Amino acid sequence: MHALWRPRVLGAWKVPASGPVILAVNHSHNVDGPMVMGVAPRPVHFLIKKEAFVGPLDPFLTRIGQVKVDRQSADRTAITRALDVLAAGGVLGIFPEGTRGEGDFASLRAGLAYFAVRSGAPVVPVAVLGSAERRGRLVKALPALRQRIDVVFGEPFEAGDGSGRRTRTALDEATERIQKQLTEHLELARRLTGRMSAPGGRS
């Protein structure tokens, strides 16, 4: 990551040094996940769509502990593996929007709330800004070489209400709580980095 681009990392010290943690990352470009993996203070196990596990990437992603997930169904194997990561005191990375988009946390799926409530792990919001700002000249699918990309870690918070409830209502309430926290962190990250334009850094 440092060889290709110029990442600027803010707030990495806010990630708990030990114990289970969920990193909730906005997603406006395919490089966002690898960027967070490259600059996070602890190893991160991301939930990654199964379509990314192709060719030589399949054994590589598996070897570094990434979790393959089928987004078209309730992938019980992926759910179990993700919960095992947290039960072992690891860091689980999730794109709560479910897929790459504007990266503004406007539409969250319930998966993040489920893992947070079920495991009791704190959620750390992560804003990646600038990855979709300019396309590379040689490889259009990647950001321009040496482009600055900001990764801003936020304060950890509890998604549940402390009751331990896992009902549909509890998950809906947790999702609303999470969305509020993530949206506020994204706005703060934009102010801190001077990127007051669109989520990916586009004007």
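Here the structure is a predicted model, which is why all the values come from computation and not from measurement.
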What heavy-atom pair brings Val91 and Pro43 nearest, and what distance separates the two atoms?
CB-O, 3.4 Å

One pair to check against side chain to side chain contact (heavy atoms under 4.5 Å, CB included): Arg190 and Leu129. What are the steps and the verdict?
CA-CA 8 Å; Arg190 290 175 182 165; Leu129 303 173; 4.2 Å; yes

Do you know which two heavy atoms are closest between Ala116 and Ala159, and how far apart they sit?
CB-CB, 3.6 Å

After noting the C-alpha distance and the side-chain angles of Leu188 and Arg191, does the key distance pass the side chain to side chain contact (heavy atoms under 4.5 Å, CB included) rule?
CA-CA 5 Å; Leu188 175 61; Arg191 292 197 300 272; 3.7 Å; yes

For residues Lys68 and Ala78, report the shortest heavy-atom separation together with the two atoms involved.
O-CB, 3.3 Å

Donor-acceptor pair, His185 side chain versus Val152 backbone, under 3.5 Å?
yes

Are Ile178 and Tyr114 grouped together when hydrophobic residues (ILVMFWY) are joined by side-chain heavy atoms under 4.5 angstrom apart?
yes

Pair Arg8-Ile149, side chain to side chain contact (heavy atoms under 4.5 Å, CB included): steps then yes or no:
CA-CA 6 Å; Arg8 179 173 62 171; Ile149 298 176; over 6 Å; no

Close side-chain approach of Phe46 to Met37, heavy-atom, < 4.5 Å
yes

State plainly whether the residues Lys180 and Glu184 are in salt-bridge range, i.e. N to O under 4.0 Å.
yes

Is there side-chain contact between Phe115 and Ile94, with heavy atoms separated by less than 4.5 Å?
yes

Straight-line distance of Ile79 CD1 to Leu47 CG, nearest 0.5 Å
9.0 Å

Rounded to the nearest 0.5 Å, what separates atom CG in Leu171 from atom CD in Glu176?
11.5 Å

Considering all heavy atoms of both residues, which atom of Pro122 and which atom of Pro156 are nearest to each other, and what is their separation?
CB-CB, 4.2 Å

Are side-chain heavy atoms of Phe157 and Val124 found at a separation under 4.5 Å?
no

When rounded to the nearest 0.5 angstrom, what distance separates OG1 in Thr77 from CZ in Arg81?
9.0 Å

Taking all atoms of both residues into account, what is the closest heavy-atom pair of Ala113 and Thr175, and its distance?
CB-OG1, 3.3 Å

Is there side-chain contact between Val21 and Leu92, with heavy atoms separated by less than 4.5 Å?
no

Answer yes or no: is there a side-chain heavy-atom contact under 4.5 Å between Asn26 and Phe95?
no

Between Glu187 and Leu182 (side chain of the first, backbone of the second, donor and acceptor by atom type, cut-off under 3.5 Å), is there such a pair?
no

Non-hydrogen side-chain atoms of Met35 and Pro7 separated by less than 4.5 Å:
yes

Looking at side-chain heavy atoms only, is the closest gap between Val151 and Leu10 below 4.5 Å?
no

Report the C-alpha distance between Ile48 and Val69 in whole Å, list the side-chain angles of each, state the deciding distance to 0.1 Å, and finish with yes or no for side chain to side chain contact (heavy atoms under 4.5 Å, CB included).
CA-CA 6 Å; Ile48 301 176; Val69 60; 5.7 Å; no

Interatomic spacing from CG in Leu86 to NE2 in His45 - rounded to 0.5 Å
9.5 Å

Please answer whether the main-chain N or O of Lys14 pairs with a side-chain N or O of Glu155 as donor and acceptor at a distance below 3.5 Å.
no

Closest heavy-atom contact between Ala189 and Thr193?
O-OG1, 2.8 Å

